[in-house]
Each structure stands twice: as C-alpha cells, then as structure tokens.
Amino acid sequence: MSMADSVVVLDFETTGLSPDMGDRAIEIGAVRLENGEVVDHFQELMNPGFRISSFIESYTGITNAMLAGAAPCAEVMHRFADFVGEQNMIAHNASFDKRFLDAELEAISRSYVGEFSCSLLASRRIFQDAPNHKLGTLVDYVNLSAEGTFHRALYDAEMTAQVWMIMLSTICEQYAMKEIPFSLVQKLNKTPKKSVHKLLSQSASEG
DNA sequence: TGCCAGGCCCTCTTTAGGGCCTT
C-alpha cells in the first residue's frame with residue numbers, strides 16, 4: 001500500500017441527524033491508516049454554540065459542561081481540514097459524516113479533494129451473514145475486543161478502521177489479492193450484492 | 001419556536017413503501 005493509498009477513517013458526534021436542520025458537529029475523531037496500520041489520530045470536542053439535548057448527552061456521554069470548555073467548531077474544523085489534507089476518507093455510513101464534514105467546512109470556507117468510501121455499504125456486501133451492519137455488531141462479528149465506549153468519535157473511528165482492515169483482508173484472502181485499491185472499494189460500494197463476486201473475481205484476475 | 005434527514009436496498013417495485021444505518 002503506497003502513501004497515495006493511505007486513508008483517514010473518521011467519525012462525527014453531532015447534535016442530531018441533519019445539518020440541513022441546524023444540527024452541528026460536537027466531536028470529530030479520526031485515525032490515519034498506512035500499510036494497514038494506524039499511524040496518526042485526531043480527536044477534539046467542539047462547541048456548537050448552543051446547548052445540546054439531553055438525548056445527545058446520554059447517547060454520546062458528551063455533556064454541555066464538557067462542550068462549554070471546548071473550542072468552537074470553526075477552530076477545530078480548521079485543524080481537522082489540515083489533518084485530512086488531500087487524503088481519501090472512510091466512515092461507517094459515510095453519507096452521514098460527509099454531510100456534516102461538508103457543512104462544517106463550508107462554514108469556514110474550507111474544502112477537501114479526497115473522496116469518501118463507506119464501510120457500511122462495503123460490509124453489507126462482504127459480511128452478508130452478519131446479524132446486522134451496525135458498527136457495534138460488526139466489531140463483535142469480526143471478533144474484535146471492544147474495550148472502549150461506543151458513540152465517542154475517536155473510539156468509533158478506531159473500531160471502523162479495524163473492521164475496515166479486516167474487511168479488506170477478507171477480500172484479499174477470498175480472491176487471492178495482494179491489496180485492495182481505494183478505487184475498487186468505491187466500485188464495491190455501488191455494486192449490487194448479486195454482482196459483488198463477479199466484480200472481485202474480475203479485479204483479482206486483472207491483477 | 002418548532003418543525004426534524006437522507007441514501008441505500010429490498011420487494012407484494014418502477015404511478016411505492018418501509019427497514020436499515022448514522023446522531
């Protein structure tokens with residue numbers, strides 16, 4: 001895996017489900033993967049400028065008291081944009097995190113050039129026998145030891161990264177491939193389930 | 001103030017509905 005194939009696995013905690021409805025990020029966590037290893041990480045709380053609901057406090061464990069002392073979203077997102085650089089990104093249900101990344105970066109007139117791939121869409125194709133494809137379920141399914149707290153940004157990003165790497169290893173073993181280019185995972189994300197085997201077989205035979 | 005999404009995927013589908021995922 002070359003430098004160009006290193007990726008940032010990220011996860012947002014937010015005030016709700018939709019930036020279009022006024023929801024904001026309250027925490028960003030991320031790890032950078034190179035050669036199948038975590039080589040860097042990022043985690044910061046950020047103050048959205050208003051009180052978060054008791055539901056979000058209990059869901060995430062992030063309290064209004066914790067956010068009162070946090071830097072504003074704008075300041076944190078500038079640092080995160082620098083962390084991401086030009087790299088591609090992965091998230092579990094990437095469409096969710098992408099919406100918040102887009103909204104928070106637009107608010108500070110920053111942008112990114114990397115592309116997203118989704119571990120949820122990939123797992124639905126590769127781990128078709130999993131009971132469901134929630135992150136916590138997949139962590140159990142691939143026999144990872146879960147010794148942290150879910151619904152905190154860095155921990156969820158770390159777990160997503162571990163599940164992601166096991167997914168790639170599973171593909172490599174089943175199809176005798178040495179590496180999985182990011183472009184192939186993006187194709188996989190959009191391939192109908194019934195065509196996944198054909199896609200991976202052809203990719204393997206093309207070297 | 002309070003409203004509260006959206007993309008994917010299946011099926012009893014395509015003139016649609018509902019479950020799964022994310023906070």
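Letters go in sequence order (proteins before strands), and every chain restarts at 1.
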Starting the side chain at C-beta, find the nucleotide from [options] nearest to [X].
X: Asn132(A); options: dT22(B), dC21(B), dG6(B); answer: dC21(B)
X: Asp20(A); options: dC4(B), dG6(B), dT23(B); answer: dG6(B)
X: Asn93(A); options: dC8(B), dC10(B), dT22(B); answer: dT22(B)

With a 4.0 Å limit, can you tell me whether [X] has a side-chain N or O closer than that to the phosphate oxygens OP1/OP2 of [N]?
X: Arg125(A); N: dC9(B); result: yes
X: His92(A); N: dC21(B); result: no
X: His133(A); N: dC20(B); result: no

Taking [M] as the reference, what is the distance to [N] when you measure between their [atom1] atoms (whole Å, please)?
N: dG7(B); M: dT23(B); atom1: C1'; value: 16 Å
N: dC10(B); M: dT14(B); atom1: C1'; value: 13 Å
N: dC4(B); M: dC9(B); atom1: P; value: 27 Å
N: dG17(B); M: dC12(B); atom1: C1'; value: 11 Å
N: dG18(B); M: dT13(B); atom1: P; value: 14 Å

Test applied, side chain to side chain contact (heavy atoms under 4.5 Å, CB included); reference residue, [X]; option that passes from [options]:
X: His92(A); options: Asp11(A), Leu138(A), Val163(A), Leu10(A); answer: Leu138(A)
X: Pro48(A); options: Thr14(A), Asp23(A), Leu67(A); answer: Leu67(A)
X: Ser203(A); options: Leu184(A), Leu188(A), Ile180(A); answer: Leu184(A)

Classify [X] by what it touches in the nucleic acid, base, sugar-phosphate, or nothing, heavy-atom distance under 4.0 Å.
X: Asp11(A); value: sugar-phosphate
X: Ile26(A); value: nothing
X: Asp97(A); value: nothing
X: Thr15(A); value: nothing
X: Phe55(A); value: base

Notebook entry, point to check: Taking everything shown except Gln128(A) itself, do over 12 heavy atoms lie less than 6.0 Å from its CD?
Noted result: yes
Note to self: Is the ring pair Phe80(A)/Phe42(A) parallel, tilted or perpendicular, if the boundaries are 30 and 60 degrees?
What the structure shows: perpendicular
Notebook entry, point to check: Where does the angle between the aromatic ring planes of His197(A) and Tyr175(A) fall among parallel (under 30°), tilted (30 to 60°) and perpendicular (over 60°)?
Noted result: tilted
Within this structure, what is the [atom1]-to-[atom2] distance between [X] and [N], rounded to whole angstrom?
X: Arg24(A); N: dT22(B); atom1: CZ; atom2: P; value: 23 Å
X: Lys134(A); N: dC8(B); atom1: NZ; atom2: P; value: 21 Å
X: Phe50(A); N: dG2(B); atom1: CZ; atom2: C1'; value: 14 Å
X: Lys194(A); N: dC10(B); atom1: NZ; atom2: P; value: 9 Å
X: Ile28(A); N: dT22(B); atom1: CD1; atom2: P; value: 16 Å
X: Ile56(A); N: dT22(B); atom1: CD1; atom2: P; value: 13 Å
X: Leu17(A); N: dG2(B); atom1: CG; atom2: C1'; value: 16 Å
X: Leu121(A); N: dC10(B); atom1: CG; atom2: P; value: 11 Å

Note to self: Can you work out whether Ser18(A) or Lys193(A) has the more 5'-proximal nearest nucleotide on DNA chain B?
What the structure shows: Ser18(A)
Item checked: Along DNA chain B (nearest heavy atom to each residue), the more 5'-positioned of Met21(A) and Asp156(A) ->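 Whichever sits nearer the 5' end wins; that is Met21(A).
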Between the protein and nucleotides 17-19 of chain B, are there any N/O to N/O pairs under 3.5 Å, and if so, what are the atom names and distances?
none

Check: Looking at Phe83(A), is Arg32(A) sitting on its ring face, NZ or CZ under 6.0 Å from the six-membered ring centre and within 45 degrees of the normal?
Finding: yes
Next item on the list: Please check if Leu45(A) and Phe55(A) belong to a single hydrophobic cluster, counting links between Ile, Leu, Val, Met, Phe, Trp and Tyr side chain heavy atoms closer than 4.5 Å.
Entry: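 Same cluster: Leu45(A) reaches Phe55(A) through Ile, Leu, Val, Met, Phe, Trp or Tyr contacts under 4.5 Å.
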Notebook entry, point to check: What residues, two or more places apart in sequence or in another chain, satisfy side-chain contact (heavy atoms from CB on, under 4.5 Å) together with Asp20(A)?
Noted result: Ser18(A)
